[in-house]
Amino acid sequence: MTAPLTSPQPPAAGGTMIAIEAVSKWYGEVRVLSGCSTAVTRGEVVVVCGPSGSGKSTLLKCVNALEPFQEGQITVDGTRVRDKATNLPRLRARVGMVFQHFELFPHLSVLDNLTLAPRKVLGRSKAEATQRGLDLLARVGLSAHAHKHPGQLSGGQQQRVAIARALAMDPVVMLFDEPTSALDPEMVGEVLDVMVELARDGMTMMVVTHEMGFARKVADRVVFMDRGEIVEDVAKDAFFDRPRSERAQQFLSRILAH
Ligand SMILES: Nc1ncnc2c1ncn2[C@@H]1O[C@H](COP(=O)(O)OP(=O)(O)OP(=O)(O)O)[C@@H](O)[C@H]1O
Ligand SMILES: [Mg+2]
């Protein structure tokens, strides 16, 4: 038995962790999100998929306020993202984000990558942050690499460090944007394994991915986007077995053909 990757969250405690209500966003004249609504319940894993340019990354960036949006409302664990009174750095500290490119600090050791934000943002002591960092490294299988620099690790290892770094902030939700799509194929599995474990520990997750095996294994629901709209938002089995829209059917047949 390994210890869980996260501090325990009340399993199936209910309650909406992320509420996305009628969100629209424009880049200049171009509307990239159109009336998007969905919700993620505490402990739920939602996979977001859809063609390139459909707005998946933009939607995720709106959730942790990396991008502004012009209409609608997003609420994360009771905090309104667009509210002027919202302390955005504090909100972002509670939302873990893992991107396609790991964006680790290249000049810092792996361990220092994990302890920097908890010390600076959460005010943790060096000893406390170090202990938590080492625990997390153990759980993503990288204890032996704590004192290396990111450049000395493989892509899969770096992405596991990036996940551990996000977890070091004790986020209430984790957002992933194609975390495996830049990796060599033989490294995809080790990163997905960490994500599967995280899902099973009860972490609330929104995951943009085309890894349909992962989606089948751990997703509760699938959100399918096309041209800035949420076209389907259904239970996993319904999405894979009986996609309703023609656009989702076409997308699935293309992606599953490989
Ligand atoms: N900074 C930006 N300025 C202008 N347009 C942008 C910007 N970022 C994204 N877009 C446009 O917004 C739309 C949605 O892009 P987004 O990156 O969210 O799509 P995506 O579904 O994540 O695609 P992909 O699968 O290729 O990652 C696209 O038409 C894109 O060209
Ligand atoms: Mg994207």
Side-chain angles (χ1 to χ4, degrees), residues 18-40 45-74 76 81-82 88 91-92 95-104 155-156 158-159 162-163 166 173-185 187-188 191-192 195 205-216 219 221-234 236 239-240 243-258:
I18 304 173
I20 299 173
E21 297 163 276
V23 167
S24 293
K25 174 176 174 65
W26 285 258
Y27 278 118
E29 301 282 290
V30 184
R31 186 173 184 159
V32 292
L33 294 177
S34 299
C36 293
S37 296
T38 187
V40 184
V45 178
V46 172
V47 161
V48 181
C49 61
S52 181
S54 58
K56 307 177 297 290
S57 298
T58 305
L59 186 66
L60 234 53
K61 286 181 195 156
C62 288
V63 170
N64 73 345
L66 287 178
E67 280 288 347
F69 51 96
Q70 289 77 27
E71 282 180 10
Q73 188 59 258
I74 297 181
V76 180
V81 172
R82 260 180 94 198
L88 289 180
L91 172 78
R92 290 194 195 106
V95 178
M97 179 115 194
V98 176
F99 299 92
Q100 184 173 353
H101 297 286
F102 335 113
E103 294 171 37
L104 297 170
Q158 288 186 57
Q159 193 60 303
I163 294 172
V173 26
M174 287 281 284
L175 309 177
F176 293 88
D177 192 358
E178 303 207 39
T180 60
S181 57
L183 298 176
D184 289 340
M187 291 169 192
V188 169
V191 173
L192 291 178
M195 293 169 62
M205 295 163 65
M206 230 175 142
V207 185
V208 176
T209 185
H210 292 159
E211 293 290 340
M212 292 298 136
F214 171 83
R216 274 195 183 272
R221 278 189 300 119
V222 176
V223 165
F224 171 74
M225 296 185 70
D226 193 21
R227 291 176 228 156
E229 290 171 26
I230 293 182
V231 178
E232 301 216 15
D233 179 0
V234 293
K236 164 185 62 184
F239 182 74
F240 287 112
R244 283 174 308 192
S245 63
E246 202 173 309
R247 288 191 267 179
Q249 287 164 18
Q250 281 173 359
F251 173 78
L252 272 175
S253 64
R254 270 202 309 274
I255 196 161
L256 298 175
H258 298 291

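Start at 1 and go down the list; that is how both ligands and their atoms are numbered. Residue numbers count from 1 along this sequence.
- Around the Mg ion (ligand 2), protein N, O or S atoms at a distance under 2.8 Å total 1; waters are neither shown nor counted.
- Taking the six-membered ring where the residue is Trp, Phe251 and His210 present perpendicular rings, their angle passing 60° and hence far from 30°.
- Considering backbone and side-chain atoms alike, Gly50 places every N or O at 3.5 Å or more from each N or O of ligand 1.
- Annotation for ligand 1: atoms under 4.0 Å from non-hydrogen atoms of Thr58 are 14 (C), 15 (O), 16 (P), 18 (O).
- The protein atom (non-hydrogen) at minimum distance from atom 4 (C) of ligand 1 is Tyr27 CG, 3.4 Å.
- Contact detail for Arg92 and Asn64: the closest heavy-atom pair is NE-O, 3.1 Å.
- Between atom CE of residue Met195 and atom CZ of residue Phe214 there is a gap of 4.0 Å, rounded to the nearest 0.5 Å.
- Salt bridge Asp233/Arg221: present, at least one basic N to carboxylate O contact under 4.0 Å.
- Atom CH2 in Trp26 sits 7.0 Å away from atom OG in Ser34 (nearest 0.5 Å).
- Among all protein heavy atoms, the one lying closest to atom 29 (O) of ligand 1 is Gly53 O, 3.9 Å.
- For Lys236 and Phe240, the positive end is not near the middle of the six-membered ring at less than 6.0 Å and at most 45° from its axis.
- With respect to atom 26 (O) of ligand 1, the closest heavy atom belonging to the protein is Ser52 OG, 2.6 Å.
- Taking the charged nitrogens against the carboxylate oxygens, Arg82 and Glu71 have no contact shorter than 4.0 Å, which rules out a salt bridge.
- Distance CG/Leu59 to OG1/Thr38: 8.5 Å, rounded to 0.5 Å.
- Here is the list of ligand 1 atoms found below 4.0 Å of a heavy atom in Val32: 11 (C), 12 (O), 13 (C).
- Distance check: Glu211 CD to Cys49 SG gives 12.0 Å after rounding to the nearest 0.5 Å.
- Counting atoms of ligand 1 from 1 in the listed order, those under 4.0 Å from a heavy atom of Pro51 are 21 (O).
- Minimum heavy-atom separation, Val63 to Val76: O-CG2, 3.6 Å.
- Checking atom 15 (O) of ligand 1 against the protein gives a heavy-atom contact under 4.0 Å.
- For atom 27 (O) of ligand 1, the nearest protein heavy atom (residue, atom name, distance) is Glu178 OE2, 3.6 Å.
- The protein heavy-atom contact nearest to atom 25 (O) of ligand 1 is Lys56 NZ, 2.7 Å.
- Interatomic distance, CD of Gln159 versus NE2 of His101, reported as 9.5 Å (0.5 Å rounding).
- Inclusion of Glu67 in the set of residues having an N or O under 3.5 Å from an N or O of ligand 1 is not warranted.
- Among protein heavy atoms, atom 17 (O) of ligand 1 sits closest to Ser57 CB, 3.8 Å.
- Nearest heavy-atom pair, Gly228 versus Cys36, reported as atom, atom and distance to 0.1 Å: O-SG, 3.2 Å.
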